[in-house]
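Worksheet for the structure shown next.
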Amino acid sequence: MRARPDDDRRQRILATVDSIPRGAVASYGQVAREALLPGRARLVGRVLAELPAGSRLAWHRVLNAAGKCSFPPGSPHAVEQRRRLEREGVEFSGTGRVDLARFGWCP
DNA sequence: ATGCTGACCAGGC
DNA sequence: TGCCTGGCCAGCA
C-alpha cells in the first residue's frame, strides 16, 4: 500500500479534528494550521464534507473563523452541529455565534 | 487545458 | 456588524 500525498494530508486533518477536546471548537483555518497546512482551510472543509454519514469523528467541533456554523441556518447539518455542541456545554449567542475566545481550542 | 465552485480566511471599509 | 476582494486549491464539467 503506497500512501499518496493526498492521503497523508487528509489523515493529518482528520487526526487534528480528532484531537479537539469535548466542549471546545476550532475554526477550519486553525485545524489547517495545526495539521501543518497553513492557508488550506478549504481543504479541511472538503475533507470533512466527504466524511461518511456515520463517522465517529467530531466534525461538529469545527466552525468557521466567525464562530458560526458553515451550513445554511436551519439545515439538518446546522441543527445537528449546534445540538451536539450545546450538549457538550458550548454556548451560542443570540445570533448563533460561538465566542471563540471562550470556547476556542487552545492546543 | 480552462473555468467555476466551494463545510474558508484575513484585511479593508 | 456586514459586504467585498484576493488568496487558497482540489474536483468536475
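Values below: all heavy atoms of this structure, side chains included; hydrogens, waters and symmetry mates excluded. Protein chains get the first letters and strands the later ones, always in sequence-line order, with residue 1 at the start of each.
- Residue-level contact check: A/A65 touches the backbone only, with heavy atoms under 4.0 Å from sugar-phosphate atoms and none from bases.
- Listed for the A/Q30 side chain is no donor-acceptor partner under 3.5 Å among the backbone atoms of A/C106.
- OP1 or OP2 of B/dC9 has at least one side-chain nitrogen or oxygen of A/S27 nearer than 4.0 Å.
- Across every non-hydrogen atom of A/P72 and A/A78, the tightest pair is O-CB, 3.5 Å.
- Contact detail for A/G23 and A/F103: the closest heavy-atom pair is O-CD2, 3.9 Å.
- Spacing between atom CD1 of A/I13 and atom C1' of B/dC8 amounts to 12 Å, rounded to whole angstrom units.
- Closest approach of A/C69 and A/Q81 over heavy atoms only: SG-OE1, 2.9 Å.
- Taking the six-membered ring where the residue is Trp, A/H77 and A/F71 present parallel rings, their angle staying beneath 30° rather than reaching 60°.
- A straight line from OH of A/Y28 to P of B/dG6 spans 15 Å, rounded to a whole angstrom.
- Of the charged side-chain nitrogens involved, none lies within less than 4.0 Å of a carboxylate oxygen, so that A/E34 and A/R12 do not count as a salt-bridged pair.
- Residues A/R84 and A/E88 are not paired through a salt bridge, judged by the lack of any N-O separation under 4.0 Å between the basic side chain and the carboxylate.
- Side-chain atoms of A/R97 do not come within 3.5 Å of backbone N or O of A/K68 as any donor-acceptor pair.
- Contacts between residues 67-103 of chain A and DNA chain B, defined by a heavy-atom separation below 4.0 Å, involve A/S70, A/F71, listed by number.
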Output one line per pair: protein atom, nucleotide atom from nucleotides 7-9 of chain C, and distance, for all N/O pairs under 3.5 Å.
unit_1: C/dG7; atom_1: O6; unit_2: A/R42; atom_2: NH1; d: 3.4

